[in-house]
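The block underneath contains the structure these notes are about, expressed in structure tokens.
For this chain, numbers begin at 1 and follow the sequence in order. We count ligands from 1, going down the list as the structure has it; atoms in each ligand are counted the same way.
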Amino acid sequence: MKNEFQKKYTLIIGCGRLGASLANELSEMNCDVMVVDRDKTAFRKLSPSYEGLTLIGEATDLHVLSEAGIERASTVIAVTNNDNTNILLSQLSKLQFEIPQVICRVYDPERTDAYNEKIIETISPLDLSRKEINKMLKIKNGVI
Ligand code: AMP
């Protein structure tokens, strides 16, 4: 019997290092997951035990999103290596497809604030790294 989290359908866009590791983790937790990438070699990063779905395609193509089952997704995670693509797909997911949870990776920290509205959750690798390094420096120097 699946729990509520496992019943949800997660669509990951971009099967790079981050997308593939998220997909592997969700699959290990028995969650329904689909990962889309335009480069078929990207799926090599998935674990041999990955039990989710994969789709080769250009994610900005509405036909590809439809084939990926975006209409029934409870979560969309946009983690291609292009900020514009991730932002576009996140806005589309939220505004057109009304996906309850949309998470978007944005490399450019100046754009993180601009798009980190309530509707889209953005994460910035640069900001996360900066915060962690600051924390390490403070711990090392006895500030915290
Ligand atoms: P990484 O830089 O390791 O996070 O990988 C990002 C992944 O996103 C790569 O596997 C790219 O092929 C994929 N990607 C980039 N743009 C698109 C797009 N428009 N549609 C589908 N996949 C994409």
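- Using a 4.0 angstrom heavy-atom cutoff, Thr85 counts as in contact with ligand 1.
- Inclusion of Asp39 in the set of residues having an N or O under 3.5 Å from an N or O of ligand 1 is not warranted.
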What pairs of donor and acceptor atoms, side-chain ones from residues 73-81 against any protein atom, are under 3.5 angstrom apart with sequence neighbours left out?
{"unit_1": "Ser74", "atom_1": "OG", "unit_2": "Tyr9", "atom_2": "N", "d": "3.1"}
{"unit_1": "Ser74", "atom_1": "OG", "unit_2": "Tyr9", "atom_2": "O", "d": "3.1"}
{"unit_1": "Thr80", "atom_1": "OG1", "unit_2": "Asn82", "atom_2": "N", "d": "3.2"}
{"unit_1": "Thr80", "atom_1": "OG1", "unit_2": "Asn82", "atom_2": "O", "d": "3.3"}
{"unit_1": "Thr80", "atom_1": "OG1", "unit_2": "Asn86", "atom_2": "OD1", "d": "2.7"}

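- In terms of protein heavy atoms, atom 20 (N) of ligand 1 is closest to Ala59 N, 3.0 Å.
- Residue contact annotation: Asp37 has a non-hydrogen atom under 4.0 Å from ligand 1.
- With a 4.0 Å cut-off on non-hydrogen atoms, Lys40 does not touch ligand 1 at all.
- Below 3.5 Å of separation, one finds an N or O of Arg38 facing an N or O of ligand 1.
- Rounded to the nearest 0.5 Å, atoms CG (Leu62) and CZ (Phe97) are 5.5 Å apart.
- For atom 14 (N) of ligand 1, the nearest protein heavy atom (residue, atom name, distance) is Thr80 CB, 3.8 Å.
- Only the side chain of Ala42 comes within contact range of ligand 1, with a heavy atom under 4.0 Å; no backbone atom does.
- For Gly57, the closest heavy-atom approach to ligand 1 falls below 4.0 Å.
- Enclosure of atom CD in Glu51 is not indicated, since only 12 or fewer non-hydrogen atoms of other residues, nucleotides or ligands lie within 6.0 angstrom.
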Verdict with reasoning, Ser124 to Thr122, per side chain to side chain contact (heavy atoms under 4.5 Å, CB included): CA-CA 7 Å; Ser124 154; Thr122 59; over 6 Å; no
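- Looking only at heavy atoms of the protein, atom 15 (C) of ligand 1 is closest to Asn81 OD1, 3.1 Å.
- Short contacts between ligand 1 and Arg105, defined as distances under 4.0 Å to a heavy atom of the residue, involve ligand atoms 4 (O).
- Listed here is the closest heavy atom pair of Ile103 and Ser90: O-OG, 4.4 Å.
- Between the side chain of Lys94 and the backbone N or O of Pro100 there is at least one donor-acceptor pair closer than 3.5 Å.
- Taking OH from Tyr107 and CG from Asp127, the interatomic distance works out to 14.0 Å, rounded to the nearest 0.5 Å.
- Residue-to-ligand polar distances keep Gly14 apart from ligand 1: every N/O pair is separated by 3.5 Å or more.
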Taking only distance into account, with no hydrogens and no angle test, what donor-acceptor pairs under 3.5 Å do side-chain atoms of residues 16-25 form with protein atoms, sequence neighbours excluded?
{"unit_1": "Ser21", "atom_1": "OG", "unit_2": "Arg17", "atom_2": "O", "d": "3.2"}
{"unit_1": "Ser21", "atom_1": "OG", "unit_2": "Leu18", "atom_2": "O", "d": "3.1"}
{"unit_1": "Asn24", "atom_1": "OD1", "unit_2": "Ser47", "atom_2": "N", "d": "2.9"}
{"unit_1": "Asn24", "atom_1": "ND2", "unit_2": "Ala20", "atom_2": "O", "d": "3.2"}

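- Residue, atom and distance of the protein heavy atom nearest to atom 5 (O) of ligand 1 are Gly16 CA, 3.2 Å.
- Considering backbone and side-chain N/O atoms, Glu58 comes within less than 3.5 Å of an N/O atom of ligand 1.
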Are Leu88 and Leu92 close enough, and set up right, to give a side chain to side chain contact (heavy atoms under 4.5 Å, CB included), and what steps lead you there? CA-CA 6 Å; Leu88 172 82; Leu92 196 68; 5.5 Å; no
